[in-house]
Amino acid sequence: MAGLNVGSLGEYIREQRRSAQYSLRQLADAAGVSNPYLSQIERGLRRPSAEILQQIAKALRISAETLYVQAGILEERSEGVREVQTAILADSHISERQKRVLLEIYEAFRKENAVADVQAAHPNAQDGLDPEE
């Protein structure tokens with residue numbers, strides 16, 4: 001999972017808020033967060049959880065995935081992968097730690113299967129080296 005780029009996330013949220021013609025207080029109220037907390041997010045001083053990002057996205061009427069990508073929680077990928085990641089991040093019945101672990105396991109399975117696909121395509125390869133190279 002990519003690292004959180006808090007500064008650019010805050011700038012992005014501020015741009016979206018201004019585009020929606022919301023004051024800081026109006027967006028905070030609509031997202032269900034405190035005015036000072038939202039201000040700290042916009043200034044890059046706070047690291048919001050996936051749930052908070054989802055609340056902000058809903059209030060701004062933008063995709064939560066967009067904020068997850070901005071935050072570095074999700075990478076821009078194919079639609080199917082993004083749907084799985086978004087479903088995990090949106091689940092309010094599991095903790096932030098559990099979400100991180102599930103995403104890491106999911107990525108590990110995807111990488112493992114990609115390696116198996118390469119090995120199946122090149123059955124004569126040894127130690128991961130393609131004999132044609």
Side-chain angles (χ1 to χ4, degrees):
M1 202 162 40
L4 184 72
N5 190 344
V6 180
S8 66
L9 171 65
E11 292 166 12
Y12 182 79
I13 291 172
R14 181 181 298 121
E15 287 173 18
Q16 294 300 311
R17 175 177 60 79
R18 289 179 176 161
S19 292
Q21 298 182 334
Y22 276 131
S23 70
L24 188 68
R25 188 173 311 276
Q26 288 170 321
L27 179 57
D29 288 344
V33 298
S34 73
N35 192 38
Y37 183 62
L38 182 58
S39 175
Q40 290 172 346
I41 292 170
E42 284 192 359
R43 290 181 289 141
L45 303 175
R46 287 296 200 124
R47 180 182 183 158
S49 68
E51 283 90 2
I52 296 297
L53 289 175
Q54 188 173 25
Q55 290 170 222
I56 292 170
K58 187 175 182 180
L60 288 170
R61 293 183 178 90
I62 61 173
S63 159
E65 290 175 16
T66 303
L67 287 185
Y68 296 155
V69 169
Q70 268 312 120
I73 295 172
L74 290 182
E75 294 178 19
E76 289 191 80
R77 295 192 175 178
S78 66
E79 193 63 30
V81 172
R82 231 184 356 253
E83 287 175 4
V84 170
Q85 293 171 325
T86 301
I88 291 169
L89 291 168
D91 191 328
S92 61
H93 294 94
I94 58 176
S95 71
E96 288 297 311
R97 184 184 150 286
Q98 291 167 329
K99 290 175 187 181
R100 276 194 314 273
V101 170
L102 279 173
L103 289 171
E104 289 170 9
I105 291 169
Y106 179 67
E107 274 306 305
F109 283 149
R110 288 182 46 79
K111 287 178 185 172
E112 182 180 311
N113 290 342
V115 169
D117 290 345
V118 168
Q119 289 173 344
H122 302 288
N124 295 328
Q126 294 178 358
D127 299 323
L129 298 176
D130 189 340
E132 297 174 9
E133 292 180 350

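Along the sequence shown, residues are numbered consecutively beginning with 1. Below, each value reflects all heavy atoms present in this structure, side chains not excepted, and no hydrogens, waters or symmetry copies.
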Of all residues at least two apart in sequence or in a different chain, which pass the salt bridge (Lys or Arg N to Asp or Glu O under 4.0 Å) check with Glu96?
-> Lys99
Of all residues at least two apart in sequence or in a different chain, which pass the side-chain hydrogen bond (donor to acceptor under 3.5 Å, both in side chains) check with Ser34?
->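 Here no residue qualifies.
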Using side-chain hydrogen bond (donor to acceptor under 3.5 Å, both in side chains) as the criterion, list what pairs up with Gln98, not counting sequence neighbours.
-> Ser95
Under the rule for side chain to side chain contact (heavy atoms under 4.5 Å, CB included), what residues qualify as partners of [X], not counting sequence neighbours?
X     : result
Arg25 : Ser23, Asp29, Asn35
Ile52 : Val33, Tyr37, Ile41, Pro48, Ser49, Gln55, Ile56
Ala20 : Tyr22, Leu60
Ala30 : Ala59

Val84 with Leu102, same ILVMFWY side-chain cluster at under 4.5 Å |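 Yes.
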Treat each ILVMFWY residue as a node, draw an edge where side-chain heavy atoms are under 4.5 Å apart, and state whether Phe109 and Val101 are in one component.
-> yes
Drop me the distance from Glu11's CD to Gln70's CD, to the nearest 0.5 angstrom.
-> 9.5 Å
Any chance you could measure Ile13, atom CD1, to Leu38, atom CG, to the nearest 0.5 Å?
->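 Rounded to the nearest 0.5 Å, the CD1-CG separation comes out at 7.0 Å.
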Non-hydrogen atoms of Glu51 and Ile94 that approach each other most closely =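 Heavy atoms of Glu51 and Ile94 come nearest at OE2-O, 4.1 Å.
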Just wondering, do Leu53 and Ile73 contact through their side chains at under 4.5 Å, heavy atoms?
->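 Yes, at least one pair of side-chain atoms sits under 4.5 Å.
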Would you indicate whether the side-chain heavy atoms of Gln26 and Arg17 approach each other to under 4.5 Å?
->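 Counting from C-beta outward, Arg17 and Gln26 never come under 4.5 Å.
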